[in-house]
Amino acid sequence: MVRLVTHNLLACHAKDCNTNNFPLVFQNVQLEIREAEFNSDFIRNFLPKIEWNALVKTAYELGDTSLPQDQPEMVDDEFLKNLHHVLFEIHIIEGGMVCPNCKHNYPISDGIPNMLLAEHEIA
Amino acid sequence: MKACYLIAFAQSHSDFRLPELQSISEIHGFQIHLPKDPDTSRPFMVVELDEEEHAFILAQRCILIKSIYEFYARGTTYEEVHEMNRSNRHLWERYVPDTSFKFIVTGFNHTIPQRRQRDVIESFAYMDFRGKIDMKNPEITMVCFEEYESRPAPANGPPRKRCEDDGGFKEVFFGRLIVEGTARQLVGVFDVKKRAYFGNTSMEAEISLLMANQTLASPGKWIYDPFMGTGSMAYPTAHFGAVVFGSDIDGRQMRGKGKPPGVIRAATQYGIASRIIDLCTFDVTNNPWRCGELFDAIVTDPPYGVRAGAKRLGRKRELSEDKKALYLQHSQNPRSDDQPYIPPTKPYELSNLAGDLVLLARYLLRPGGRLVFFLPTVTDEYQEVDIHTMMCEGMEVIANSLQDFGSWGRRLITIRKIATQKFSPPSFQHVEEDAMDTHVPAHRDFREKYFQGFSRGQCNGDQAGTVST
């Protein structure tokens, strides 16, 4: 159940793959929507850590257009609710995440991504 | 109003009592005024609290608290107890006219004969309580504890007589029951045997609850376990309201057999599945975190080699050039009938792992965040300085509690990130250093020492091995 909050924090970490290695691109995904408890403090704390463009782009690719292109300066309840939905309630159950740079495919099965590197990819 | 309270602790994990009290008071933002030289090996402790409400909070959350009392008196003789109790008359005066009550006299490490229990109760007659005695639903319960030293029965010879040394107590405590601890029942709730999914490395419920309290888990917190395994630490932390992220180099531990993954099944059983943010397979020494300062706490029981050894990506021995070329060809063009590619791993030595874990925590924790983990050590060789071999600038040890198994033990280490500046991720590179000029901690090569039965001492192997690693 890779959630977009996780996706927003993971970059390709293969050896010498240092630029254009984020965000990973979802491929052949199978989605599921599951409700999660809303905690506005948690989201507010987390907000500064988000790469906004990557989040919006990925949400659009997955068919969710509830977030504005630019991160709003004013944070209201409706915005937090939408953000909560995008970050925590969209789950990717199967598929893969592909590095835009080195094309490493990190497969997802049963909601658990395999981020292990191959022998030639570790430092 | 500031007042004294008597805490009666459960008879286990005495070294963990103080850190737990301090953690829970920190979560709720209040002070506990401890005695000058607290002796945590004793089952009773008198502390000062600013509000009675704080006693309720402690009793609700501390796994090691059995009950809390309004403190009236203590003494090594009953004369001392009565004298102090008389001088504290203002504390209990309001119960004199018309409050139903129950009076209990009980011993710790000892059974007091009924006849003397009655004598003790009668010696408090000067309090002159006029309310009725109600053994079922009293408005207040007064308790008098006699604390005795532990006196194990002699190995050979007749067992001790029941009433031997009656009255030879170390100290007496007297007070009014305020609240029974309710957190201890969680030990039963999280019992590993009743869990939908567990493995041979699962951590016992009581210890994992104590660890969760050390992380200051509460709603709004984000906690990470980099050696997730079967998720033992995740369940109690999530139960206390935090959300959890888990990773492990071996996804099979988190998945188990069947669907959904085992960790999710167990979390569903506890009603906290939505608080497991995600599970992820990766080697923590080759991790994909995009940035640091993400988590409020890192809690983990790193594998230390008895049940399961720690692994990291790489090879024990470098491949020859020919083999490397062959391997590369294979990994890029796997034959279609091949299983998914599984990269090679090599052992991860414990003292290296511990040092890396502290550096990783410094990178991934928010300022003020905590790292809570178990470190096994050889009892005879352990020295205070062992902990310092893994420390780095910006991190501070705030608790170090021993769980003693005889020839070895494990220490629950709690470290706080005191620095506020940003740190870069650790390199995870280790050079074989010269052992001559650096201190070698007792946990170095713990696995080898364990399987040699700690041969430096005269320890016997049967004490070891009963606890999961």
Side-chain angles (χ1 to χ4, degrees), chain A residues 1-15 17 21-24 32 34-46 48-51 54 84 87-89 91-94 97 99 103-123, chain B residues 219-222 228 241-243 245-252 254-255 258-264 272-283 285-294 296 312-315 319 324 327-328 330-332 340-345 366 425 427-429:
Chain A
M1 10 136 260
V2 179
R3 309 193 206 201
L4 294 196
V5 57
T6 304
H7 174 264
N8 202 262
L9 294 173
L10 302 179
C12 180
H13 54 301
K15 187 164 106 181
C17 183
N21 59 348
F22 175 84
L24 303 172
E32 215 174 282
R34 280 186 216 157
E35 250 180 73
E37 37 185 354
F38 177 70
N39 186 326
S40 72
D41 290 340
F42 186 85
I43 297 185
R44 279 173 202 274
N45 279 336
F46 187 65
K49 289 289 167 194
I50 296 177
E51 272 286 341
H84 167 78
L87 285 175
F88 297 108
E89 298 190 327
H91 296 254
I92 289 84
I93 308 295
E94 300 285 332
M97 296 186 285
C99 171
K103 309 297 174 205
H104 183 124
N105 183 0
Y106 297 98
I108 301 169
S109 106
D110 277 329
I112 302 180
N114 182 351
M115 306 292 292
L116 288 174
L117 296 177
E119 192 171 4
H120 64 277
E121 291 170 321
I122 59 174
Chain B
K221 297 274 182 72
W222 196 6
M228 185 75 166
V243 298
F245 190 100
S247 76
D248 203 298
I249 190 171
D250 187 350
R252 292 172 303 183
M254 299 185 287
R255 292 174 194 271
K259 287 182 185 186
V263 168
I264 300 301
I272 46 145
S274 77
R275 296 195 189 140
I276 308 288
I277 289 289
D278 260 315
L279 305 170
C280 210
T281 306
F282 60 77
D283 170 14
T285 70
N286 284 281
N287 68 68
W289 294 115
R290 170 174 67 76
C291 59
E293 299 196 353
L294 289 171
D296 298 287
R312 55 183 297 188
L313 292 181
R315 270 185 209 273
L319 289 181
K324 244 186 212 165
Y327 148 78
L328 196 66
H330 167 77
S331 72
Q332 281 165 353
Y341 166 74
I342 296 171
T345 56
R366 293 181 173 156
S427 72
F428 299 104
Q429 303 295 326

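In what follows, every chain begins at residue 1, and chains take the letters A, B, ... in the order their sequences are listed.
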At a heavy-atom distance under 4.5 Å, which candidate from B:I277, B:D283, B:I249 has the highest pair count against chain A? B:I277
Max heavy-atom pair count under 4.5 Å with chain B, selected residue of A:D41, A:L9, A:T6, A:L10: A:L9
One option among B:L279, B:T285, B:I264 has the most heavy-atom pairs under 4.5 Å with chain A, and it is B:L279
Ring geometry between A:H84 and A:F88 (parallel below 30°, tilted from 30 to 60°, perpendicular above 60°): tilted
With a 4.5 angstrom heavy-atom cut-off, could you sort out which part of B:D296 is near chain A: side chain, backbone, both or neither? neither
Heavy-atom contact with chain B under 4.5 Å, split by part of A:N21: neither
Answer yes or no: is there a side-chain heavy-atom contact under 4.5 Å between A:L87 and A:F42? no
Side chain, backbone, both or neither of B:P261 within contact of chain A (heavy atoms, under 4.5 Å): side chain
Taking the side chain as every heavy atom from C-beta outward, state whether A:E94 and A:D110 have any atom pair closer than 4.5 Å. yes
Residues B:R275 and B:A242: closest non-hydrogen pair is CD-O, 3.5 Å
Under 4.5 Å between any side-chain heavy atoms of A:I122 and B:R312, yes or no? no
Check: B:D278 side chain, A:R3 main-chain N or O, donor-acceptor pair, under 3.5 Å: yes
Less than 4.5 Å to any heavy atom of chain B: does that hold for the side chain of A:E51, its backbone, both, or neither? both
Residues in salt bridge (charged side-chain N to carboxylate O under 4.0 Å, His left out) with A:K103, at least two apart? none
Among the options B:K259, B:R366, B:R255, pick out the one with the most heavy-atom pairs lying under 4.5 Å from chain A. B:R255
Would you mind checking which part of A:S109 comes under 4.5 Å of any heavy atom in chain B, side chain (CB onward), backbone (N, CA, C, O), both or neither? both
For the backbone of B:N286 and the side chain of A:H13, can you confirm whether one donor and one acceptor N or O come within less than 3.5 Å of each other? yes
In terms of heavy-atom contacts, B:R290 and A:K49 come closest through NH2-O, 2.9 Å
Please classify the contact of A:Y106 with chain B as side chain, backbone, both or neither, using a heavy-atom distance under 4.5 Å. neither
Below 4.5 Å from any heavy atom of chain B, which atoms of A:N114 appear? Answer side chain, backbone, both or neither. both
Contact winner vs chain A - B:G251, B:P288, B:S427, heavy-atom pairs under 4.5 Å: B:P288
Is it the side chain or the backbone of A:R34 that comes within 4.5 Å of chain B heavy atoms, both, or neither? neither
Is it the side chain or the backbone of B:F245 that comes within 4.5 Å of chain A heavy atoms, both, or neither? side chain
